[in-house]
Structures are given as structure tokens and as C-alpha cells.
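Comments concern the structure below.
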Amino acid sequence: MHLRELLVCLRSRCAPIRDAHIDTLIKHLDDLSPSASMPDVAKLVVDTVRSTLELSEFMKEDLSQFVVGSMSEKQLQAVLMRQAAHQEREVVFSLWRPDKVRELWNTWLGSQSNADTRGDGRRERPWIHHLIQALGLAIPVSCPLPMKPMPGSVDSLEELHTSAPSPLPNILPPPLFFVWPTLLYLQNYLQALVIAASLRALVVRLPTHQLHQPNADEPNQQCYMSRVWALLRAEVDGQPGSGDTKIVNLADEVVRVRRRFNTDGGALDPDEETRLRAAVDRTLQPNDPVFALLQKRLIDALAERLARISSVSTARISTLQLPERLQTGRDRPLQRVQPGLELEDTLAYDTASSAESHREEQFTVKGFEDAVLVGALGEALSKLRTCVEWTERVWPNLTRAVPVPSSSS
């Protein structure tokens, strides 16, 4: 009797496609003979309960599909992002223990010198400045999977930093595991930007307005900075045929543009060409003063801008509620349904704010004022902003917490 009442109740709430299944279960109960043996009754009860539990799972799927189908594109995007964030945390916690994740995060934050924590922006979003500083290093960023400790091996990021030979590996903490490939790409991208700006500095005394014009004597030729950035970008993107981009190719571009403004009709003294190529080789060294200065300007500007953008975006997160009443397509009255789903919407991924984001990302850094570099810098900022905002969405308890001093981590 109780099972039959339960099935009748479910039938009044399920989707029409489930009616036939429930009717079959009810018919099995009604067809039970009064003289049935106890084993037969027990088997019927067990089978009905099992089928009812399976039916409840189907009904949950039906409800979820209908809720998703009734959402707007913006709401659906928020649900998918929330599920992706949850799954990302689950995967990270399956690789590292939760306490180890926090320990490695705090150790990473404490690995920077105190000189890197000055300023209001750095106190507000210190992890962003630590991340950008890591991208400015010549050592590629990495986030290795944890390995089972062996005798004499290291078990934490702190031990790895203290025991590894110099130079220390540029290791990111587990919360950055999924954005690490993008960060590695951006590290190469930013280095290419610094190289392009360094090459621009070599010819900055030449007529600037002509550096941005193709050579009239050479059809289909791009301007100097466009050609340089095309070579570097192809190398960063790993395009076919770009693996042979060497310093000599970049030096050829400097020599080419120098010949255009040579008073001898394009001819260039061999000694002068040798000096130009040597200057290119010297300028592109990480320890070169010009290279180091341009890199520091770029890293500091990106860190300050990202910390400021992140603070504004965090303050604009809002909450959307699903409709309280769900229509199933039946003609009978429905009770109020509360699916218990809450949607978090971040305007960082809202297409309505794309124009505003575009304005925010158009900024210049001293030494990177060329139009080609400004566009490339805006693209880098956009990708970095996506990584930063996603990390803060997935790991709010870590990214918004006050960092633990390194002495106590």
C-alpha cells in the first residue's frame, strides 16, 4: 500500500515520459495475488524499491535538463563555469591533500622577498604580483605532479626550494595547475614583447613616422615593428617553419631598416653592419641594461594593472536566482519547486562588458608605445586577466586571504 501511494505521488510529479514506467510498477503491485508466498512478496518489494530509486535518478536528470533548457545563455554559462570550478578543485584535491595545497600556496607567496610586497596594490592582491614576477623570470614556470616521497626526496615546495641547485625551479602552487600551460605560453609571449621593444630601441633615433610605413621599393613589405613582431609571434605560437627564428633573423630586420635610411643609397659599411648585429646580440641578453629595464617596466605595469582590474571585478560579482516555478508541460496544477541551484555570475565573462574590458586593456608602457606592441600588450593583458579571474573564482579562500609570513609557513 505504501509503495503504491509513493508511486502515485511520483506519477503526479514526473515528466510525461516516465508515466508508462510508473504504471508498470503500479500494475505489478496490483497484480499481486493475496495467496502469494512471503518470498514472492519480498522479491516484489525489493524490486519495486530498486526501480523506484532508479526512477528518482531519472526524475532528477529530467528536472536538471528542464532547468538548463529554461535558462538564458548567461545563466547557463554561469552554471557551467561553477561546475567546472568545482571539478577543478576536486581534481587538485585528488592529487594534493587540502592542507598541502594551502601549505604550498603560502610557501610560494612567502618565497618572494619583502621588497616585492610594497605598495597598496601588492598588499591587496599579493598573489598577482608574485605570479607576474614568476612570469618575468628566465626559468620556465612549471607545476609538476606530486610524487610519492622516497628516501632522501623532497616533499614540499619549501624543501624543493631549499635543496635544489641554483638556479631554483620556477614552480607554481597547485591552484595554478590548470592554468599553468597558458601561463607558460604567456611567459614566452612577454619575453617576446621585451625582445621586440629592445629591437625598437635600437632604431628609435631613425625617423619614427617612416618606421611604420612599408618600403615603397619593396612591394608587400610590412613596417619594421610588424615584421619583427611577426617573427617573434610565430616563434611563440610554434607555427610551422618558425622554429628556425634566430637572432640573425632579427638582426637582418635591423640591418634592413638601417639600409633604408642610409645616405649611400642603401649600401651599408661592413663594419657598421657588424656593429649592428653585435648590438642586437648584446641587447637581447637578459643581463643587458636595456633589456632588464624594459622587462621590469613591463612586469611592474602588468602587475599593477591586473591587481587593480581584479579588485574591481571582484566587487562586481552578483548572484542570480532561477525561476521559482518550473512548468513541466502538463495541464494539471504544479506545486512550487525549488531546485536549490544558485548561480554566480561574474561580469568578467559577460559579453556585455567586453567593450569596457577592451578599454581597460588598452594601456601603454614606457618603451612599448609602438602601435604594434600596444596591440600585442593588450592581448597579453586579456589572457592574463582571464587566468587571474578564473583562479580567484576557483580558489577564493586562497587568493583573497591574507598571506601567511614565510617564517611561519
Side-chain angles (χ1 to χ4, degrees), residues 1-101 145-146 148 174-175 177-178 319-345 393-397:
M1 181 181 63
H2 291 303
L3 287 176
R4 193 181 193 284
E5 291 177 354
L6 174 62
L7 292 173
V8 171
C9 183
L10 288 178
R11 194 181 189 282
S12 66
R13 288 164 171 79
C14 70
I17 195 175
R18 307 299 173 192
D19 286 352
H21 186 189
I22 296 180
D23 290 341
T24 301
L25 296 178
I26 294 177
K27 185 176 184 301
H28 290 166
L29 294 177
D30 292 340
D31 293 345
L32 181 64
S33 173
S35 60
S37 62
M38 288 301 297
D40 294 337
V41 175
K43 185 177 183 305
L44 178 62
V45 170
V46 170
D47 292 343
T48 304
V49 170
R50 182 183 292 112
S51 299
T52 303
L53 293 175
E54 294 175 354
L55 178 64
S56 66
E57 295 298 324
F58 290 135
M59 292 178 64
K60 286 169 59 178
E61 293 178 4
D62 294 340
L63 178 61
S64 299
Q65 292 179 7
F66 188 87
V67 169
V68 170
S70 64
M71 290 179 183
S72 64
E73 184 175 347
K74 185 177 179 180
Q75 290 175 322
L76 182 59
Q77 186 183 35
V79 169
L80 294 177
M81 289 172 60
R82 185 177 181 181
Q83 292 179 353
H86 175 74
Q87 293 182 6
E88 180 173 325
R89 287 191 297 268
E90 291 296 321
V91 172
V92 171
F93 286 146
S94 68
L95 297 173
W96 292 272
R97 300 189 311 272
D99 60 328
K100 178 62 68 174
V101 171
L145 290 171
K148 184 177 180 180
F177 178 73
F178 279 92
T319 300
L320 301 177
Q321 296 292 339
L322 289 176
E324 294 182 348
R325 182 180 176 88
L326 302 179
Q327 303 295 334
T328 63
R330 292 177 179 268
D331 294 332
R332 52 182 180 246
L334 290 173
Q335 296 183 358
R336 183 177 180 179
V337 178
Q338 295 178 340
L341 295 179
E342 184 178 287
L343 305 181
E344 294 179 359
D345 170 52
R393 164 181 283 272
V394 180
W395 305 97
N397 295 335

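All values reported here derive from a predicted model rather than from experimental measurement.
- Annotation: E73, atom CD; neighbour count of heavy atoms from other residues, nucleotides and ligands within 6.0 Å does not exceed 12.
- Between the E5 side chain and the H2 main chain, no donor and acceptor come within less than 3.5 Å of each other.
- Taking CD of E57 as the start and OG1 of T52 as the end, the distance is 12.0 Å to the nearest 0.5 Å.
- In this structure, NE2 in H21 is found 11.0 Å from CG in L10, a value given to the nearest 0.5 Å.
- Between R89 and W395 the shortest side-chain heavy-atom distance falls below 4.5 Å.
- The shortest side-chain heavy-atom distance between P175 and V92 does not fall under the 4.5 Å cut-off.
- Judged purely by atom type and a 3.5 angstrom limit, W96 has no side-chain atom pairing as donor or acceptor with the backbone of V101.
- For the pair D47 and R50, the minimum side-chain heavy-atom distance is below 4.5 Å.
- Counting only heavy atoms from C-beta outward, the side chains of F66 and E61 never approach each other to under 4.5 Å.
- Note that the CE atom of M81 and the CZ atom of R393 stand 3.5 Å from one another [nearest 0.5 Å].
- Inter-residue side-chain proximity for L7 and R11 is flagged as unmet; no heavy-atom pair is nearer than 4.5 Å.
- Taking a cutoff of 4.0 Å between a charged side-chain nitrogen and a carboxylate oxygen, K27 and D23 do not qualify as a salt bridge.
- Residues D30 and R4 form a side-chain contact, since some pair of their non-hydrogen atoms from C-beta on lies under 4.5 Å apart.
- Interatomic distance, I26 CD1 to D19 CG, rounded to the nearest 0.5 Å: 9.5 Å.
- Considering all non-hydrogen atoms of both residues, C9 and S12 come closest at O-OG, 2.6 Å.
- To the nearest 0.5 Å, atom CG of residue L29 and atom OG1 of residue T24 are 11.0 Å apart.
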How far apart are the C-alpha atoms of D62 and C14, what are their side-chain angles, what is the distance that settles it, and do they pass the side-chain contact (heavy atoms from CB on, under 4.5 Å) test? CA-CA 8 Å; D62 294 340; C14 70; over 6 Å; no
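- The shortest distance between side-chain heavy atoms of P39 and K43 does not fall below 4.5 Å.
- Taken from CG in L55 to CG in L25, the straight-line distance is 7.0 Å, to the nearest 0.5 Å.
- Without hydrogens or angle criteria, S51 side chain to T48 main chain gives no donor-acceptor distance under 3.5 Å.
- Inter-residue side-chain proximity for I17 and F58 is flagged as unmet; no heavy-atom pair is nearer than 4.5 Å.
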